[in-house]
Engineer: 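Please find one structure pasted underneath; my questions will follow.
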Amino acid sequence: QVQLVESGGGSVPAGGSLRLSCAASGGTLSDRVTGWFRQAPGKGREFVAAIERSGGTYYADSVKGRFTISRDYANTVSLQMNSLKADDTAVYYCAKTRRTAFYATRDYVTAQNMYDTWGQGTQVTVSS
């Protein structure tokens, strides 16, 4: 069974950068959608970014232009976060879907119930 492990979280001042990684053990991420979601204290979990099988990417409006998702290897997906704001403080989760077609849709990649495996989460804290 595929397991996902996130790494790279930490504490940074506003304007700083962090790079999160999601590694899949026992399987590949190259033939499905991999997404990043986050949950801030007292709030629901929300979509951040996703990468589809073709390499196409999707972003939440709140992070567009600041965050970049990439698939580095067949079993590793990263999230480069620049110009961090205090509002970015949250636990960040990576998740994968079942095997998908080459192209996905925005409705598909933003729907949390499409993802069948989640990581344990990594804390990102941005101080203002």
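Everything numeric here is computed off the predicted structure, so don't read it as measured data.
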Engineer: Checking the side chain of T125 only, and the main-chain atoms of S11 only, is there a donor and an acceptor separated by less than 3.5 Å?
Structural biologist: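 Looks like no, no N/O pair under 3.5 Å.
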Engineer: Taking side chain as C-beta onward, heavy atoms only, is L4 less than 4.5 Å from W118?
Structural biologist: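 No, side chains not in contact.
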Engineer: Just to verify, what does T57 make a side chain to side chain donor-acceptor pair (under 3.5 Å) with, not counting sequence neighbours?
Structural biologist: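 Per chain and number, T57 pairs via side chain to side chain donor-acceptor pair (under 3.5 Å) with no residue.
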Engineer: Give a yes or no answer on whether the side chain of R32 reaches the backbone of E52 with a donor-acceptor pair at less than 3.5 Å.
Structural biologist: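 Here the side-chain-to-backbone pair does not exist.
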Engineer: Salt bridge or not between D31 and R53? Use side-chain N to carboxylate O under 4.0 Å.
Structural biologist: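 No, no charged N to carboxylate O under 4.0 Å.
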Engineer: Less than 4.5 Å apart, any side-chain heavy atom of Y115 and any of T34?
Structural biologist: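 When only atoms from C-beta onward are counted, T34 and Y115 do not touch, as no gap falls below 4.5 Å.
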Engineer: Which pairs pass disulfide (SG to SG under 2.5 Å) with one or both residues in residues 16-121, sequence neighbours excluded?
Structural biologist: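 Counting only pairs at least two positions apart or across chains, the disulfide (SG to SG under 2.5 Å) contacts touching residues 16-121 are C22-C94.
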Engineer: Which other residues belong to the hydrophobic cluster containing Y73, where Ile, Leu, Val, Met, Phe, Trp and Tyr are joined when side-chain heavy atoms lie under 4.5 Å apart, directly or via other members?
Structural biologist: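 Y73 clusters with nothing; isolated.
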Engineer: What's the spacing between D107 CG and M114 CE if we round to 0.5 Å?
Structural biologist: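 The CE atom of M114 is 10.5 Å from CG of D107, to the nearest 0.5 Å.
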Engineer: Listing request: all ring pair (Phe, Tyr, Trp, His ring centres under 6.0 Å) pairs with a residue in residues 75-95, at least two apart in sequence or in separate chains.
Structural biologist: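 Residue pairs with at least one partner in residues 75-95: there are none.
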Engineer: Do L79 and V48 touch side chain to side chain, with heavy atoms closer than 4.5 Å?
Structural biologist: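 L79 reaches V48 side chain to side chain.
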Engineer: Hey, are the side chains of D116 and K96 touching, using non-hydrogen atoms and a 4.5 Å cut-off?
Structural biologist: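 Yes - at least one pair of side-chain heavy atoms lies under 4.5 Å apart.
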Engineer: With a sphere of 6.0 Å drawn around NZ of K64, does it hold more than 12 non-hydrogen atoms of other residues, nucleotides or ligands?
Structural biologist: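 It does: K64 NZ has more than 12 such atoms within range.
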Engineer: Checking F47 now: which residues fulfil ring-ring contact (aromatic ring centres under 6.0 Å, His included) with it, not counting sequence neighbours?
Structural biologist: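 Scan of F47 (ring-ring contact (aromatic ring centres under 6.0 Å, His included), adjacent residues dropped) gives F37.
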Engineer: What residue pairs, at least two apart or across chains, pass salt bridge (Lys or Arg N to Asp or Glu O under 4.0 Å) with a residue in residues 68-81?
Structural biologist: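 Output for this query lists R19-D72.
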Engineer: Taking side chain as C-beta onward, heavy atoms only, is T122 less than 4.5 Å from V91?
Structural biologist: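 No, every pair of side-chain atoms sits at 4.5 Å or beyond.
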